[in-house]
S.K.: 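One structure is given below, represented as structure tokens, and several questions about it will come after.
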Amino acid sequence: MAMSTIIPFRRPKPATPARAGCDVAAVASDLLDVLDQLEGLVARAAHMDRPRGEVERSVQHLLDAISAVERASDCLGEGNSVSEPA
């Protein structure tokens, strides 16, 4: 028997409407938790004892991450449409 490096992936079963609603609520809740964590990281990163440029880049990347999480959260209520970055 030959060995293969192909890993079979199983497709998840389609969500029932009740389960889909529950999943959306759970994801929305998780996204809010992530936003809180990112905002805390921004405050901590801003006070790092590192070169100013490094701190500024780190804070900007974290702010970009916050924007991305906010867009993901916005998409949950929009169905199939995707929000484009401003």
Side-chain angles (χ1 to χ4, degrees):
M1 176 183 272
M3 296 196 61
S4 173
T5 58
I6 297 174
I7 301 171
F9 290 99
R10 290 186 227 163
R11 292 183 183 259
K13 294 180 184 177
T16 61
R19 181 173 175 209
C22 178
D23 289 344
V24 169
V27 170
S29 176
D30 290 345
L31 287 172
L32 289 174
D33 290 341
V34 168
L35 281 173
D36 287 341
Q37 291 176 9
L38 286 170
E39 288 169 355
L41 280 172
V42 168
R44 290 181 16 222
H47 293 95
M48 290 188 302
D49 185 24
R50 304 291 301 166
R52 181 177 177 170
E54 182 180 328
V55 170
E56 289 174 352
R57 284 190 305 275
S58 296
V59 168
Q60 185 58 55
H61 288 303
L62 288 166
L63 293 173
D64 293 343
I66 288 172
S67 295
V69 172
E70 288 172 341
R71 286 192 308 274
S73 180
D74 291 344
C75 287
L76 289 178
E78 296 176 4
N80 292 332
S81 64
V82 177
S83 176
E84 292 296 323

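This structure is a prediction, so every number in the text was calculated from the model and none was measured. What's counted below: heavy atoms across the whole structure, side chains too, no hydrogens, waters or symmetry copies.
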S.K.: Would you indicate whether the side-chain heavy atoms of E39 and V42 approach each other to under 4.5 Å?
M.R.: no
S.K.: Would you say the side chains of D64 and Q60 form a donor-acceptor pair under 3.5 Å?
M.R.: yes
S.K.: With no hydrogens and no angle check, is any side-chain donor or acceptor of S58 less than 3.5 Å from a backbone partner on E54?
M.R.: yes
S.K.: Looking at CG of L38 and CG of L31, how far apart are the two atoms once the value is rounded to the nearest 0.5 Å?
M.R.: 10.0 Å
S.K.: If I take atom CZ from residue R71 and atom CD1 from residue I66, how far apart are they, to the nearest 0.5 angstrom?
M.R.: 12.0 Å
S.K.: To the closest 0.5 Å, what do you measure between OG (S67) and CG (L62)?
M.R.: 11.0 Å
S.K.: Minimum heavy-atom separation for L35 and E70, please, with both atom names.
M.R.: CD2-CG, 3.9 Å
